[in-house]
Asker: 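Quick one: the structure is below, questions incoming.
Here is how names work: the chains are called A, B, and so on, in the same order as the sequence lines, proteins then strands, and each is numbered from 1. Here the structure is a predicted model, which is why all the values come from computation and not from measurement.
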There are 2 protein chains.
Amino acid sequence: MSVDERSRPTRAKRLPREVRERQILDAAVRVFSQHGYHNASMDEISDVAGVSKPMIYAYLGHKEDLFAACIRREATLLMEAIAGGVRAELPPDMQLWHGLRAFFRFVGAQRESWRVLHRQAISQGGPFSDELLAMRNRAITLVDALLVRSATSRGLDETARKSTEALAAALVGAGESLADWWLDHPDVPEKVVASWLMNLVWMGLGDLVDGSVWTPSE
Amino acid sequence: MSVDERSRPTRAKRLPREVRERQILDAAVRVFSQHGYHNASMDEISDVAGVSKPMIYAYLGHKEDLFAACIRREATLLMEAIAGGVRAELPPDMQLWHGLRAFFRFVGAQRESWRVLHRQAISQGGPFSDELLAMRNRAITLVDALLVRSATSRGLDETARKSTEALAAALVGAGESLADWWLDHPDVPEKVVASWLMNLVWMGLGDLVDGSVWTPSE
DNA sequence: TCCCGAACCTACCGCCGAGTAGGCTACGGG
DNA sequence: CCCGTAGCCTACTCGGCGGTAGGTTCGGGA
């Protein structure tokens, strides 16, 4: 077992700090995602990263700091992916649609990132939630902007326009939950999941007008 | 601090085993829900239960066994709550509706139970998932039965009737995610959350017929 | 009344994993 | 060529928590 050098980052010598930090974060995301925060050991992370434990402490700090750094990096990547998917020259509805698809494409491609971002971070209390809250708020702001454009272009009335922020918050929450659910059902195509959520927005925007919606009779 | 006897089960002496087990499970659900599986210490559970640690090991076994016992008990309670909500004399749609409401009412009232059932159990791998899988399958079977009744009563065509099981699975998954999301948004009324999910079923049942649905043009 | 077993406890063990002390080595500037 | 410092490691300490040994007390049946 000790003979096999495995396929880890080739334990090269004397790499610049920047590169090492990247390797460590990659390893940490992977291990946190697989075992959860508490089951993940610093020893295993250092092993996967191909680096000794004190290096992690020297570069990224204690376990909590390391986890927070993971969340921060992945959250930034996610937001950039979404923002990149929204092409400003498209009509408003299409901007929203492509933003959604970019989101789900990210989750599908970076399952480990999403797992550590949402599932792990959410099940730990404390300082980790703050990092998530920050990302959520940025996401809600972005979605709200898209919704406003979409609503005004469709000529919805004042009351609907006023409640876009609430709808944006609901959308983001629904997206998180849906993505989380999707982790366990990878067979569903990304486009389908995205369109489900898009339908919810549709119903949300047209809630007052639409008569085809089911309403409890009692 | 040591003076205050708190409001825990009054550390009475010589109670029958049945009662002690119940107290221990209550404490365990609470502590697991608050701190998560790994942060929860057997010492704290024993303290909250008003019982010494060896009693837990004598009655419920090791930490994993205790956690599994929590999941099993809460899952059973949940299923009973749902089944109790479905009143057989109602029309099929209404049975589904009341089942949904019973589900969300349970989650709303027993937040700790749901937290330990879903969030904690799902973020731990291993034997815990099995307990969840068992409950899920029971739930899917139940929902499927309700869907079939609902579909036939509305006279949907053969293809729709064939895919009820897939729809049931999706519904259960959506319900789990939605309930999980609801934990973080307690201000939304239970009836509203339930009706959202009901709308999804509506759209799922009528997917071929309905023209009001948003579809991507590209 | 006596005694047996169930209920219950205190006080301990040992492992595992977070975090550290202290030092070695190679690259680059002078 | 030399030495300062950034990169890197081995080999520990130590505390917390899962788990247990070995009792003591009470209730109830014979």
Side-chain angles (χ1 to χ4, degrees), chain A residues 2 5-6 8-28 30-32 34-70 120 124-128, chain B residues 2 5-6 8-28 30-32 34-70 120 124-128:
Chain A
S2 63
E5 273 302 318
R6 307 301 298 272
R8 47 171 144 123
T10 61
R11 194 180 273 277
K13 289 185 281 186
R14 297 284 138 154
L15 293 182
R17 173 171 185 153
E18 199 182 353
V19 176
R20 284 296 188 212
E21 286 190 352
R22 206 182 169 288
Q23 289 178 349
I24 293 173
L25 282 177
D26 289 342
R30 159 166 263 156
V31 175
F32 281 138
Q34 282 177 356
H35 305 315
Y37 177 74
H38 282 284
N39 273 344
S41 74
M42 297 297 270
D43 283 298
E44 182 177 356
I45 293 175
S46 73
D47 193 47
V48 170
V51 144
S52 74
K53 212 170 27 163
M55 298 271 15
I56 300 182
Y57 284 90
Y59 286 167
L60 277 314
H62 292 197
K63 196 181 184 185
E64 283 198 355
D65 305 325
L66 177 60
F67 189 61
C70 289
Q120 292 307 327
Q124 319 297 333
F128 310 133
Chain B
S2 62
E5 273 303 319
R6 309 300 299 271
R8 49 171 143 127
T10 60
R11 194 181 274 277
K13 289 187 281 187
R14 295 285 138 156
L15 293 181
R17 173 170 185 153
E18 198 182 353
V19 177
R20 282 299 188 208
E21 285 190 353
R22 203 181 173 286
Q23 289 179 349
I24 293 173
L25 283 177
D26 288 344
R30 161 165 262 158
V31 175
F32 281 138
Q34 281 177 355
H35 305 316
Y37 176 74
H38 281 283
N39 273 345
S41 73
M42 297 296 272
D43 283 300
E44 182 177 355
I45 293 175
S46 73
D47 192 46
V48 170
V51 145
S52 74
K53 212 169 29 162
M55 296 268 23
I56 301 182
Y57 284 90
Y59 286 167
L60 278 314
H62 293 198
K63 196 182 184 183
E64 283 199 355
D65 305 324
L66 176 60
F67 189 60
C70 289
Q120 292 307 327
Q124 317 297 334
F128 309 134

Asker: Can you establish whether the number of heavy atoms outside A:Arg17 located under 6.0 Å from its atom CZ is more than 12?
Answerer: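 Enclosed: over 12 neighbouring heavy atoms sit under 6.0 Å from CZ of A:Arg17.
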Asker: Would you kindly give the CD1-to-P distance between B:Ile45 and D:dG18, to the nearest whole Å?
Answerer: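 Going from B:Ile45 (CD1) to D:dG18 (P), I get 8 Å.
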Asker: Do B:Leu60 and B:Asp65 touch side chain to side chain, with heavy atoms closer than 4.5 Å?
Answerer: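 Sidechains of B:Asp65 and B:Leu60: no contact.
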Asker: Can you tell me the distance, in whole Å, between the CG atom of B:Leu60 and the C1' atom of D:dG19?
Answerer: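 After rounding, the gap between these two atoms is 15 Å.
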Asker: Return whichever of B:Pro16 or A:Lys63 has its heavy-atom-nearest nucleotide of DNA chain C closer to the 5' end.
Answerer: B:Pro16
Asker: Can you check whether any acceptor in the base of C:dG19 is under 3.5 Å from a donor in the side chain of A:Lys53, or vice versa?
Answerer: yes
Asker: Starting at CZ of A:Arg14 and ending at P of C:dC24, how long is that distance when rounded to a whole Å?
Answerer: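 Answer to the nearest Å: 13 Å.
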Asker: Can you tell me how far the CD1 atom of A:Ile24 sits from the CE atom of A:Met55, to the nearest 0.5 Å?
Answerer: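 Here the interatomic distance stands at 6.0 Å.
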Asker: Using atom CG of B:Asp43 as one end and atom C1' of D:dG16 as the other, report the distance to the nearest whole Å.
Answerer: 9 Å
Asker: Counting just side-chain N and O atoms, does B:Tyr59 come under 4.0 Å of either OP1 or OP2 of C:dA7?
Answerer: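 Looking at the OP1 and OP2 atoms of C:dA7, one of them is under 4.0 Å from a side-chain N or O of B:Tyr59.
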Asker: Taking the minimum atom-to-atom distance to the side chain of B:Ser41, which one of D:dT20, C:dG17, D:dG18 wins?
Answerer: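 Nucleotide nearest to B:Ser41's side chain: D:dG18.
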Asker: Centre of B:Tyr57's six-membered ring, under 6.0 Å away, within 45 degrees of the axis: is that where NZ or CZ of B:Lys63 sits?
Answerer: no
Asker: Atom CD of A:Gln23 to atom C1' of D:dG7: distance rounded to whole Å?
Answerer: 13 Å
Asker: I need the CG-C1' distance between A:Leu15 and C:dA26, as an integer number of Å.
Answerer: 13 Å
Asker: For D:dC8, does either OP1 or OP2 sit under 4.0 Å from a side-chain N or O belonging to A:Arg20?
Answerer: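 For D:dC8, OP1/OP2 do have a side-chain N/O of A:Arg20 under 4.0 Å.
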Asker: Could you work out which one of D:dC9, C:dG19, C:dA26 sits closest to the side chain of A:Pro54?
Answerer: D:dC9
Asker: To the nearest Å, give me how far apart CE (B:Met55) and P (C:dT10) are.
Answerer: 13 Å
Asker: Could you check whether B:Met42 gets within reach of a base, just the sugar-phosphate, or nothing at all, counting any heavy atom under 4.0 Å?
Answerer: sugar-phosphate
Asker: When you check the phosphate oxygens OP1 and OP2 of D:dT20, does a side-chain N or O of B:His62 lie under 4.0 Å from one of them?
Answerer: yes
Asker: Looking at the side chain of B:Tyr57, which of D:dC8, D:dG19, C:dC8 is the nearest nucleotide?
Answerer: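 Taking heavy atoms from C-beta onward, the closest nucleotide is D:dG19.
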Asker: Rounded off to whole Å, could you give me the CZ-to-P distance for the A:Arg22 and D:dG7 pair?
Answerer: 17 Å
Asker: Does some side-chain heavy atom of A:Arg22 sit less than 4.5 Å from a side-chain heavy atom of A:Glu18?
Answerer: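 Sidechains of A:Arg22 and A:Glu18: no contact.
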